[in-house]
Amino acid sequence: MIHDGYIALFRENEALFQQNLPAWRKQMRNDAVVSLQNQNKVTFADAYALDYGLNPQRLPFKGNPFSLFMCDIPGITTYNYLVLNDSFYAQPNLPALPAGVVICSLAQAFVQHADLLQPYISQLALQNPDVALNQLLAQDGMFLYVPEGVQLERPIQLVNMMYGKVDMMAVSHNVAIIGENAKAQVLVCDHAYGSEVSYLSNRLTQVFVGKNATYEHYKLESSSEKTTNVSTLQITQQEGSQVLSNLITLANGQTHNRVEVNLNGKGAHLSINGLGLGHNTERIENHTFINHNVAGATSNELFKYVLDDQAEGDFYGLIKVLPDAQQTQAFQINRNLCLSKTARMFTRPQLEIYADDVKCNHGSTVGQLDENALFYMRARGINPDEARMLLMFAFVHDVLDNVRIEPLKDRLQLLIERRLRGDKTHCNGCKICR
């Protein structure tokens, strides 16, 4: 089996993987071995089977890693951090964080904040093969802790950057703990350097949102056609918490986004949105699992795809309402455009409702651009390419309406417009996007 090679790699380098970890985290690696041995398959099995390079010895990057990435979003001021392949770096000379806020490498957090991490990480389920593999091999990532009542005034920007001269695999684990009545915004940017090297990333992000806290999570991917990106986002919400999640794929190779949300408190609200723009042979998967576990929580879900050439899109959305979750309101919409006869979209929205006092609905459509609208615009002097772009942009615009960081929304509008025109999507001055 494919995973046997990764288990052997772990055993050969076990001292490196287990160093500086508390006993309970070491046991999780051994539990991951057992879980993988019980798995019959791994997501993206063909990609996992390639001979990727790994970095268990934690060899540092030679030079300034931030020289590879230059964010040019006008008007945005962030706390900047970087995970280069699988190693965490903090931007030099960052402004001071508010009192009590911690942002550091996960490796450092296991040494300095193990007691804080244990109640959250130790209960991580390992049935999913991607999560099990992550917990077997992840050595670093970002740790974020926002204590009770603290509201961060500026977003946190985390750049996941794949960089190498040979085929490279990176495994990282991020953890965010948002205390009661706290607030944080996190912008995650996925990039890949070069078009000749194959990359595989497996990234797990766990977010715990306390009572009456607010959390926003933006994930943007602009990588390469030879990049396989496996991303798992797990969110746990308590009473009265407000969570907004946006997953936007602008350019990629193979992308699998999995989002799991547990609404565990009355008055908790989730808004989850996604946009996938696929060209050539790109494949974009978004699989969401929203669990309404208690009464009085709400969720809204909106995902849209625009696919051209031989691109493939895949949406699977499951909303589960448990017996105790009365007065639940949950809504799910998936809308898709296929611009060519060879583009393919697979959509499977689902509801599982075990309570009787709920308001839930879901819907999905797959179609093409409106020929009547195109004819109307051309009759008024708009050339065909511009008319198509305007119709496509109007189609995706309601996803952008859910972006609450205004400078980010403005930049996304520009990048999406470029992408819909067929231009390469990259930030000006950014070496890694060229």
Side-chain angles (χ1 to χ4, degrees), residues 21-22 24-29 31-32 35 43 81 83 86 88 101-110 112-147 152 156 158 160 170-180 182-188 190 201-211 213-219 229-238 241-247 256-265 268 270 272 286-291 293:
L21 292 178
W24 58 268
R25 180 64 181 92
K26 293 179 180 179
Q27 182 58 46
M28 288 185 67
R29 292 208 195 274
D31 293 342
S35 179
T43 306
Y81 301 91
V83 172
D86 57 3
F88 177 88
V101 175
V102 177
I103 305 178
C104 66
S105 75
L106 188 64
Q108 178 183 346
F110 277 121
Q112 299 181 355
H113 306 284
D115 292 341
L116 180 59
L117 285 168
Q118 184 175 7
Y120 298 97
I121 298 182
S122 60
Q123 298 182 14
L124 180 64
L126 300 175
Q127 289 82 2
N128 182 287
D130 293 319
V131 172
L133 185 64
N134 182 282
Q135 290 304 283
L136 180 68
L137 300 178
Q139 294 174 277
D140 207 356
M142 184 180 78
F143 172 63
L144 166 65
Y145 173 68
V146 183
L152 293 178
I156 297 161
L158 175 64
N160 292 319
V171 184
S172 63
H173 181 191
N174 305 316
V175 179
I177 302 171
I178 315 300
E180 291 188 14
K183 179 181 178 180
Q185 298 171 307
V186 175
L187 168 59
V188 180
D190 290 345
S201 66
N202 178 317
R203 307 195 189 276
L204 168 65
T205 298
Q206 292 179 277
V207 182
F208 303 91
V209 188
K211 182 178 178 180
T214 300
Y215 178 77
E216 297 177 17
H217 187 95
Y218 302 90
K219 180 179 180 293
N229 191 346
V230 180
S231 172
T232 304
L233 172 62
Q234 297 181 338
I235 302 175
T236 302
Q237 294 185 235
Q238 301 303 330
S241 60
Q242 306 290 308
V243 169
L244 170 66
S245 174
N246 287 274
L247 294 84
H256 178 75
N257 292 319
R258 180 184 176 96
V259 182
E260 303 168 2
V261 183
N262 281 289
L263 294 152
N264 291 342
L270 167 71
I272 179 171
N286 287 292
H287 293 180
T288 65
F289 303 81
I290 301 174
N291 299 310
N293 298 322

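What you see is a predicted model, and the numbers here were worked out from it, not measured in a lab.
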Derivation and outcome, side-chain contact (heavy atoms from CB on, under 4.5 Å), residues Val101 and Tyr145: CA-CA 6 Å; Val101 175; Tyr145 173 68; over 6 Å; no
Verdict with supporting geometry, Ile156 and Ile103, side-chain contact (heavy atoms from CB on, under 4.5 Å): CA-CA 9 Å; Ile156 297 161; Ile103 305 178; 3.7 Å; yes
Evaluation steps, side-chain contact (heavy atoms from CB on, under 4.5 Å), between Tyr215 and Val186: CA-CA 8 Å; Tyr215 178 77; Val186 175; 3.6 Å; yes
Val188 vs Tyr218, side-chain contact (heavy atoms from CB on, under 4.5 Å): CA-CA, chis, key distance, verdict: CA-CA 6 Å; Val188 180; Tyr218 302 90; over 6 Å; no
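In terms of heavy-atom proximity, Ser241 sits nearest to Gly210 at CB-O, 3.5 Å. The shortest non-hydrogen separation linking Asn229 to Ser201 is OD1-OG, 3.1 Å. Of all non-hydrogen atoms in Thr214 and Ile178, the two that sit nearest each other are O-CG2, 4.3 Å. Closest approach of Lys183 and Val146 over heavy atoms only: O-CG1, 4.3 Å. For Trp24 against Ala114, the heavy-atom pair with the smallest separation is CZ2-O, 3.7 Å. When all heavy atoms of Gln238 and Lys211 are compared, the pair lying nearest together is CB-N, 3.8 Å.
Paired with Lys219 under the rule side chain to side chain donor-acceptor pair (under 3.5 Å), one option of Thr205, Asn246, Asp190 passes, and it is Asp190. Of the options Asn202, Thr232, Asn128, a side chain to side chain donor-acceptor pair (under 3.5 Å) to Asn134 is made by Asn202 and by none of the others.
Gln242 CD to Gln237 CD: the interatomic distance, rounded to the nearest 0.5 Å, is 8.0 Å. Leu124 contributes atom CG, which lies 8.0 Å from atom CD1 of Ile121 (distance to the nearest 0.5 angstrom). Here Leu152 contributes atom CG and Gln185 contributes atom CD; the two are 8.5 Å apart, rounded to the nearest 0.5 Å. The CG atom of Asn264 lies 12.0 Å from the CD1 atom of Ile235; values are rounded to the nearest 0.5 Å. Taken to the nearest 0.5 Å, the OG atom of Ser35 stands 6.5 Å off from the CD atom of Gln127. Between the OG atom of Ser105 and the CD atom of Gln139 there is a distance of 11.5 Å, given to the nearest 0.5 Å.
Take Gln118 and apply the side-chain hydrogen bond (donor to acceptor under 3.5 Å, both in side chains) test, not counting sequence neighbours, and it matches no residue. Residues passing the side-chain hydrogen bond (donor to acceptor under 3.5 Å, both in side chains) test with Glu180: none are found, sequence neighbours excluded. Evaluation of the side-chain hydrogen bond (donor to acceptor under 3.5 Å, both in side chains) rule for Asn262 yields Asn291, Asn293 as partners, not counting sequence neighbours.
A heavy-atom distance below 4.5 Å is not found between the side chains of Asn174 and Leu204. Ile290 has its side chain within reach of Ile272: a pair of non-hydrogen atoms, C-beta onward, lies under 4.5 Å apart. Between Leu106 and Phe88, the closest side-chain pair of non-hydrogen atoms is not below 4.5 Å. Between His217 and Leu247, the closest side-chain pair of non-hydrogen atoms is not below 4.5 Å. Arg29 places none of its side-chain heavy atoms less than 4.5 Å from the side chain of Gln135. With contacts defined as side-chain heavy-atom distances shorter than 4.5 Å, the pair Val259/Phe289 does not qualify. Under the 4.5 Å side-chain criterion, counting only non-hydrogen atoms from C-beta, Leu144 is not in contact with Ile177. The shortest distance between side-chain heavy atoms of Val83 and Asp140 does not fall below 4.5 Å.
Ser172 and Arg203 share a side-chain donor-acceptor pair at under 3.5 Å. Residues His173 and Gln206 bring a donor and an acceptor atom of their side chains to less than 3.5 Å of each other.
In summary, the aromatic rings of Phe143 and His113 are positioned with their centroids under 6.0 Å apart.
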